[in-house]
Amino acid sequence: MNKLTDKDIKKVYWRNLFGLQWGWNYERMQGLGYSWVIMPALKRLYKDDKEQMKTALKTQLGFFNTSQPMSHLIIGADMGIEEKTGMSDPEAIVGLKTGLMGPFAGVGDTIFLAIYRAIVFSIASYMALSGSALGLLLPIIAGAAILWVRYKFTWIGYQQGTKLATEFAGRMKILTEGASILGLTVVGALIPSVINYSLDLKYQMGKVTLNIDDMLNQILPSLVPLAIVMFSYWLLGKKKMNSTRLIFVLIALGMVLGNLKRIFGM
Amino acid sequence: MNKLTDKDIKKVYWRNLFGLQWGWNYERMQGLGYSWVIMPALKRLYKDDKEQMKTALKTQLGFFNTSQPMSHLIIGADMGIEEKTGMSDPEAIVGLKTGLMGPFAGVGDTIFLAIYRAIVFSIASYMALSGSALGLLLPIIAGAAILWVRYKFTWIGYQQGTKLATEFAGRMKILTEGASILGLTVVGALIPSVINYSLDLKYQMGKVTLNIDDMLNQILPSLVPLAIVMFSYWLLGKKKMNSTRLIFVLIALGMVLGNLKRIFGM
Amino acid sequence: MNKLTDKDIKKVYWRNLFGLQWGWNYERMQGLGYSWVIMPALKRLYKDDKEQMKTALKTQLGFFNTSQPMSHLIIGADMGIEEKTGMSDPEAIVGLKTGLMGPFAGVGDTIFLAIYRAIVFSIASYMALSGSALGLLLPIIAGAAILWVRYKFTWIGYQQGTKLATEFAGRMKILTEGASILGLTVVGALIPSVINYSLDLKYQMGKVTLNIDDMLNQILPSLVPLAIVMFSYWLLGKKKMNSTRLIFVLIALGMVLGNLKRIFGM
Amino acid sequence: MTVSFGIIIVLCVYVALAVLDQISLQLGPYSPLFGGAITGLVMGDLKTGLMVGATLQLMTLGVATFGGATVPDFLTGSVMGTAYAILANKGASYGIGLAVPIGLLLTQTDILARMANTFFQHRADRFAEEGNYRKVELQNIWGTIPWILSRILPVAIGLFFGQSVVSAINSFIPAWFMDGLKTAGLILPAMGIAILMRYLPIKKYFPFFIIGFVMMAYGGKNFSILGSALVGLAMAAIYVIFKNKPTSPVTTSGTDSSENDDSDDDEVEIDE
Amino acid sequence: MTVSFGIIIVLCVYVALAVLDQISLQLGPYSPLFGGAITGLVMGDLKTGLMVGATLQLMTLGVATFGGATVPDFLTGSVMGTAYAILANKGASYGIGLAVPIGLLLTQTDILARMANTFFQHRADRFAEEGNYRKVELQNIWGTIPWILSRILPVAIGLFFGQSVVSAINSFIPAWFMDGLKTAGLILPAMGIAILMRYLPIKKYFPFFIIGFVMMAYGGKNFSILGSALVGLAMAAIYVIFKNKPTSPVTTSGTDSSENDDSDDDEVEIDE
Amino acid sequence: MTVSFGIIIVLCVYVALAVLDQISLQLGPYSPLFGGAITGLVMGDLKTGLMVGATLQLMTLGVATFGGATVPDFLTGSVMGTAYAILANKGASYGIGLAVPIGLLLTQTDILARMANTFFQHRADRFAEEGNYRKVELQNIWGTIPWILSRILPVAIGLFFGQSVVSAINSFIPAWFMDGLKTAGLILPAMGIAILMRYLPIKKYFPFFIIGFVMMAYGGKNFSILGSALVGLAMAAIYVIFKNKPTSPVTTSGTDSSENDDSDDDEVEIDE
Ligand SMILES: OC[C@H]1O[C@H](O)[C@@H](O)[C@@H](O)[C@@H]1O
Ligand SMILES: OC[C@H]1O[C@H](O)[C@@H](O)[C@@H](O)[C@@H]1O
Ligand SMILES: OC[C@H]1O[C@H](O)[C@@H](O)[C@@H](O)[C@@H]1O
């Protein structure tokens with residue numbers, strides 16, 4: 001059977017960067033994209049064997065969904081295995097893909113979608129708020145670093161092959177835990193940093209003015225933002241509540257809070 | 001035998017809230033109160049059986065002492081067991097009570113007497129110092145939350161019965177450790193926050209004024225308060241020293257420190 | 001055989017304080033000093049036995065090198081053993097010395113050379129920078145405390161004897177780890193605190209002035225010092241690089257950075 | 001200015017309620033903070049009351065009756081210190097200075113009350129022998145009497161003779177003594193803290209003490225006790241999590257989006 | 001003032017590129033921050049664009065398409081909010097107020113695109129049966145069309161009728177409503193954060209949430225998200241180190257001086 | 001202005017004592033801080049001495065002779081830098097700029113001293129063969145001579161020709177060079193820190209490095225090295241506690257009131 005060339009691997013990397021989600025759909029999610037991404041490898045391996053090619057195409061069009069940066073590891077491993085065994089055991093390929101995509105989605109989304117974005121874009125945004133467009137370079141530069149990581153992932157996946165599935169599994173658990181710790185620390189820090197709402201209520205009692213915000217701050221700074229977040233968190237746990245509906249609830253809440261003075265005729 | 005009604009449990013809860021320590025005395029401590037608190041249950045169970053009632057009364061008047069909020073767990077468990085076995089084995093009841101009261105006192109006092117009070121009353125006091133009596137609501141509100149916890153404790157104790165004794169024991173150790181960690185963190189933080197004493201000594205050396213407080217602060221902020229606390233801690237470890245005597249020592253120290261300028265004729 | 005007197009032990013302590021490194025040389029490092037330090041004990045034990053004395057002298061002049069404060073433990077243990085077994089088994093003495101000197105050097109240098117110095121002398125230096133020579137007392141006072149520790153070490157070593165070698169070994173590992181944690185925390189903190197360099201670059205873009213330092217600070221305070229440290233760390237990992245050469249590199253870098261405005265004609 | 005009978009009665013009722021609060025609900029009235037505030041309110045100078053009460057409260061934060069230990073009666077001290085400060089019209093620090101020795105003096109009445117109740121305990125024992133549970137019940141209720149008296153009597157007497165006491169203080173006590181008391185007040189919180197340190201296993205967990213201290217010493221005005229308590233809570237929880245689960249369980253976080261996560265609708269709580 | 005055709009075309013190209021960025025490289029153009037900045041730049045008011053974009057970005061930090069979940073289209077919201085703000089000349093907060101409801105409205109177009117692509121998936125299945133891999137490949141490329149249309153259409157329409165929309169808003173929407181929207185904007189980040197809290201195992205690791213909150217709540221202006229992330233990274237690494245190595249390995253730190261330490265020349269990295 | 005013989009002699013005696021301090025007690029005289037201060041004092045300008053010494057000290061905090069490694073002689077650098085600064089009357093930064101290259105130059109004399117002592121080691125070996133312990137003892141004492149000479153000679157020579165050196169510097173060294181040296185001084189502490197990082201197991205325990213950095217970077221003026229050391233100590237102790245006691249021992253904290261706790265009267269210490 002043919003061997004994959006370095007150029008094939010690189011081609012797959014480039015396709016993976018761009019097209020894994022072009023054909024995203026509710027039925028197979030990244031299934032269509034996956035087949036396109038790995039196609040250079042399939043061509044090399046099965047161009048001359050129509051039956052194998054058919055099996056490969058059908059196999060690779062199946063349901064797939066994971067975090068994009070992590071997908072490189074899986075696709076890499078997939079290539080590594082097919083290079084050795086071809087399409088003799090499609091079940092094994094499907095097993096590899098579906099076995100890894102779940103845990104990889106968890107840790108990948110935590111790191112790359114949640115934490116990474118929160119950090120990089122909050123810094124860039126604060127820079128923008130202070131008037132400098134230069135902050136926009138930050139996501140570009142940091143993003144380029146991630147492209148490099150994704151390149152490495154492709155090769156690691158390819159070289160480790162099945163080992164990845166067995167060895168990474170154990171590591172994954174602990175990595176997910178680590179990512180969760182990092183993520184929750186950042187999430188806790190986001191509350192006082194991005195919710196700048198304060199009640200802005202002052203109360204005249206005889207000669208003394210009671211500043212409600214000051215009093216709440218003396219108990220705990222950012223108490224009101226924390227309360228709103230906790231309320232939102234609790235709502236999201238309710239049946240029939242989802243994030244879009246939560247927006248309406250918060251807009252309604254904002255309508256009330258933003259007009260407190262009108263409401264109380266102050 | 002009779003079963004306890006929900007109303008009985010609630011009655012005991014209410015009595016426990018108020019009267020566990022009304023009859024507090026050096027001989028049996030909360031012994032007298034315990035019998036009064038659990039009386040509604042005793043009445044229900046033994047009203048028609050004079051002998052059992054006598055045994056019950058004598059048993060429940062025995063020595064007892066624990067943290068008030070935790071006592072609900074013990075009294076609850078006591079009711080749960082007596083409902084099943086009556087006064088057939090008074091030793092078991094005594095064992096339950098005396099076995100749990102020690103560890104419960106430790107963890108309960110740490111959490112409810114030491115830490116809870118330090119936090120809630122320090123916040124309220126700082127509010128009061130800034131002129132607002134509204135801070136006094138804080139202990140009331142937080143205290144009401146604790147009454148609710150005590151209510152839950154009564155039911156948990158009642159429903160778990162003996163299991164409480166066995167299962168909680170293991171948990172207790174680790175909970176006590178956790179409470180200690182929390183407690184010691186707060187205690188460390190109390191030093192700089194509630195001891196506002198500084199030496200207030202300035203020294204004229206040629207043209208330069210030596211501000212002793214500034215110099216000590218450069219080494220470590222709140223060094224003097226820390227030193228006084230460490231001295232007090234060390235004194236308390238001495239034989240024949242107790243907290244009341246420590247007050248006299250500190251007043252004497254205050255007399256000296258407060259008159260340093262008089263003493264040195266500055 | 002003769003017993004060591006308390007006075008002997010104290011004499012050895014004093015000699016150890018002062019003379020362990022007087023004869024330091026590349027061939028045996030603290031070997032010459034070691035023999036001088038332990039001489040009062042050797043005299044007591046072998047004065048009347050020329051052969052033993054010869055063996056002892058030759059043994060004690062062998063290669064030795066460890067952290068000075070820790071050396072008291074080893075020399076103490078050496079005395080304890082020789083008092084019991086004399087020079088019957090010189091191999092055992094050499095084994096004790098060379099077995100302990102390595103790990104003791106590691107933990108001792110971390111604690112006493114690296115961390116202790118960084119803390120005490122940085123505080124004293126900051127005091128000096130604010131004009132007060134009184135800060136110079138700090139190293140003297142703290143140093144006196146260490147002399148007391150070294151005194152204790154001598155006796156601990158002497159009393160524990162061989163047990164030290166076996167028992168301390170296990171402890172040492174964990175102590176070294178602890179010292180490393182402490183050390184690395186301080187090292188991390190040193191960066192922003194002792195490297196006060198900032199780029200001092202301003203850029204005129206139309207109407208807005210771009211302050212590069214402010215922008216970098218918004219990303220991470222002390223980013224430039226951190227980068228210089230990381231660069232130095234990386235350089236030190238290179239073959240043929242050592243700390244003296246690193247100084248030249250940093251001076252060269254300083255020459256460039258210090259003349260940025262001249263270079264760019266600003 | 002003397003204290004009117006009306007005020008004396010109101011404050012006596014208050015301290016009676018306060019001592020009952022102390023041995024039961026512990027909602028707040030038993031605290032020096034409330035003692036000062038209520039007295040100030042009743043005597044028409046809330047602000048002085050708040051100052052005296054709050055300062056005394058901070059001074060005695062760590063003082064608690066662990067295991068039935070007797071501690072100075074700072075509540076009564078706070079009530080009377082506030083009253084005297086308002087009577088003498090000499091400001092809060094005057095009252096704080098007096099509150100401490102008064103509290104000390106009254107340590108004994110607390111002990112008396114706790115001793116007196118042994119009497120009711122023995123009566124209860126007797127009725128128990130007879131199986132007379134109603135009478136047994138009654139004894140615990142009688143137990144409130146010594147408690148209440150131990151607080152009402154000193155307050156009533158102290159306030160009745162208030163004016164004379166204040167005059168005596170003003171004429172006999174030298175300035176340096178009052179200065180000394182003031183400084184003593186500043187360092188007295190060390191006692192409560194030292195008691196807590198003895199009570200808690202500091203030798204085993206001293207690192208957390210250090211962390212608490214450092215946070216507050218350097219955090220200064222920006223930090224607070226609640227803040228340090230939250231950090232302490234976090235560290236305690238991490239400790240408990242580590243100790244409880246030596247082997248890492250499979251976490252099921254991950255691909256479930258929040259929309260499907262409707263199985264749990266509780267607020268944040270320890271998950272075990 | 002109306003939006004010129006040139007500008008409409010440029011912005012349409014931009015949102016097309018942006019949606020492709022969103023489903024692939026995620027370098028930045030897909031973010032509301034870029035949306036605002038680019039629109040501002042193109043329409044000659046970069047500053048307003050930066051304000052709208054940055055504010056919207058912070059408002060939606062935690063909002064991400066975990067597992068293919070659909071979220072409001074805040075990018076298009078940002079583009080159109082900025083454009084309307086500049087058209088109406090009413091400042092950034094006007095634009096921010098509009099961006100949120102616009103983003104909400106456009107949730108549906110995202111869903112349509114994701115549904116439409118099922119069509120290409122089925123075509124690919126058919127070609128796979130025939131082994132026609134070239135045609136299979138093509139289907140994924142066609143998949144970009146629905147994505148691009150789902151963004152271009154609303155932007156084109158919205159900008160074309162921009163002036164009328166703005167006039168309508170100005171005359172029909174009362175002041176209290178805009179005030180309300182403004183406040184809603186201030187509290188909306190709670191949503192993103194709550195989503196993240198649902199997504200992450202907060203019940204198990206809540207202590208770290210507390211630590212993050214406390215650091216930022218008390219650290220205030222002196223602290224930053226990156227700072228908290230570094231602390232979080234450190235704690236995560238400590239956790240991993242502890243869990244991975246239950247028995248303490250022999251450390252070989254020690255007497256080697258740095259000069260001899262030439263065997264490793266890497267930068268700081270996790271050592272395992 | 002030249003340096004009087006008296007001053008040269010005093011400073012020579014000082015550096016002799018200082019080098020002995022360095023290889024024995026390490027109380028302080030061996031440090032650049034003392035070097036600057038003493039020189040300043042002797043030459044009548046303490047303030048300049050403190051500035052030069054303190055700055056140099058901070059610059060070289062991490063520089064230490066681990067395992068007998070040779071490092072630049074910053075003490076002598078500090079002495080002579082201070083002296084030249086006072087001679088030239090050009091302020092502290094002039095002295096700091098000179099101290100570094102001087103220290104570098106004198107690295108060699110330290111090496112010479114350490115080599116020279118091999119001579120006494122060999123003599124001692126010979127006397128050991130004879131069992132002549134008195135003569136063996138003597139060799140170690142002779143060992144002080146090379147140490148002392150290695151410091152006294154450069155200082156004496158450097159100070160004697162001080163005026164000429166300073167003039168040479170002033171006329172030959174261009175402004176940009178002094179500016180460069182100044183900036184070099186600002187970044188040179190990186191060296192000491194990097195050495196410490198190489199010396200300590202940073203790859204294994206990098207999280208603590210991060211924590212130290214973050215605390216200081218964000219804590220800024222409010223924080224200090226001692227503060228970070230206390231936090232580091234706490235973390236180290238927690239680590240040791242965890243590692244040492246895998247199973248949680250029964251704690252006996254609890255109901256004992258502090259009054260009965262008279263069995264231990266020690267101050268806080270690690271309890272094991
Ligand atoms: O220590 C247990 C318990 O002892 C006594 O009963 C009282 O001091 C209580 O306040 C305390 O909770
Ligand atoms: O959750 C895995 C994965 O699911 C979908 O494909 C998208 O929402 C991606 O952004 C996400 O990474
Ligand atoms: O490393 C152990 C030891 O080695 C040499 O003897 C010297 O550098 C000492 O300062 C050091 O403590």
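Every chain is numbered from 1, with letters handed out A, B, ... down the list of sequences.
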_Pair D:His122, D:Gln139 - check side-chain hydrogen bond (donor to acceptor under 3.5 Å, both in side chains), show working._
CA-CA 9 Å; D:His122 289 160; D:Gln139 305 315 309; over 6 Å; no
Would you mind checking which part of [X] comes under 4.5 Å of any heavy atom in chain B, side chain (CB onward), backbone (N, CA, C, O), both or neither?
X: D:Ser224; result: neither
X: D:Ala37; result: side chain
X: D:Glu137; result: both

Please classify the contact between [X] and chain D as side chain, backbone, both or neither, with a heavy-atom cut-off of under 4.5 Å.
X: B:Phe248; answer: side chain
X: B:Leu253; answer: both
X: B:Thr66; answer: neither
X: B:Ala124; answer: both

*asked:* Students often mix this up, so state it plainly: with edges at 30° and 60°, are the rings of B:Tyr13 and B:Tyr151 parallel, tilted or perpendicular?
replied: perpendicular
*Check against ring-ring contact (aromatic ring centres under 6.0 Å, His included), D:Trp147 and B:Trp22*: CA-CA 8 Å; D:Trp147 282 117; B:Trp22 283 349; over 10 Å; no
*Select, from B:Leu42, B:Leu220, B:Leu175, B:Leu20, the one with the greatest count of heavy-atom pairs under 4.5 Å involving chain D.*
B:Leu220
*Specify which of B:Ala128, B:Gly31, B:Pro221 makes the most heavy-atom pairs with chain D at under 4.5 Å.*
B:Pro221
*Between CG of D:Leu41 and OG1 of D:Thr82, what distance do you get to the nearest 0.5 Å?*
11.5 Å
_Exactly one of B:Thr110, B:Ile111, B:Asp109 should register a side-chain contact (heavy atoms from CB on, under 4.5 Å) with B:Val107. Which one does?_
B:Ile111
*Which residue, D:Leu149, D:Leu20, D:Val19, forms the side-chain contact (heavy atoms from CB on, under 4.5 Å) with D:Thr144?*
D:Leu20
Looking at chain B, which one of [options] has the largest number of heavy-atom pairs inside 4.5 Å, strictly under?
options: D:Leu188, D:Asn132, D:Ile111, D:Ile225; result: D:Ile225
options: D:Met215, D:Met115, D:Lys182; result: D:Met115
options: D:Ile141, D:Asp21, D:Asp125; result: D:Asp125
options: D:Leu25, D:Ile211, D:Asp179; result: D:Leu25
options: D:Ile238, D:Val63, D:Thr55; result: D:Val63
options: D:Leu186, D:Leu50, D:Ile23, D:Leu61; result: D:Ile23

*Do B:Gln21 and B:Gln30 have side-chain N/O donor and acceptor atoms under 3.5 Å apart?*
yes
*Would you mind checking if D:Glu129 and B:Lys54 are paired as a salt bridge, meaning a charged N to carboxylate O distance below 4.0 Å?*
no
_Between D:Glu130 and B:Lys50, does any NZ, NE, NH1 or NH2 come within less than 4.0 Å of an OD or OE carboxylate oxygen?_
no
*Tell me, please, whether B:Tyr233 has D:Arg198 positioned over its six-membered ring: NZ or CZ under 6.0 Å from the ring centre and within 45 degrees of its axis?*
yes
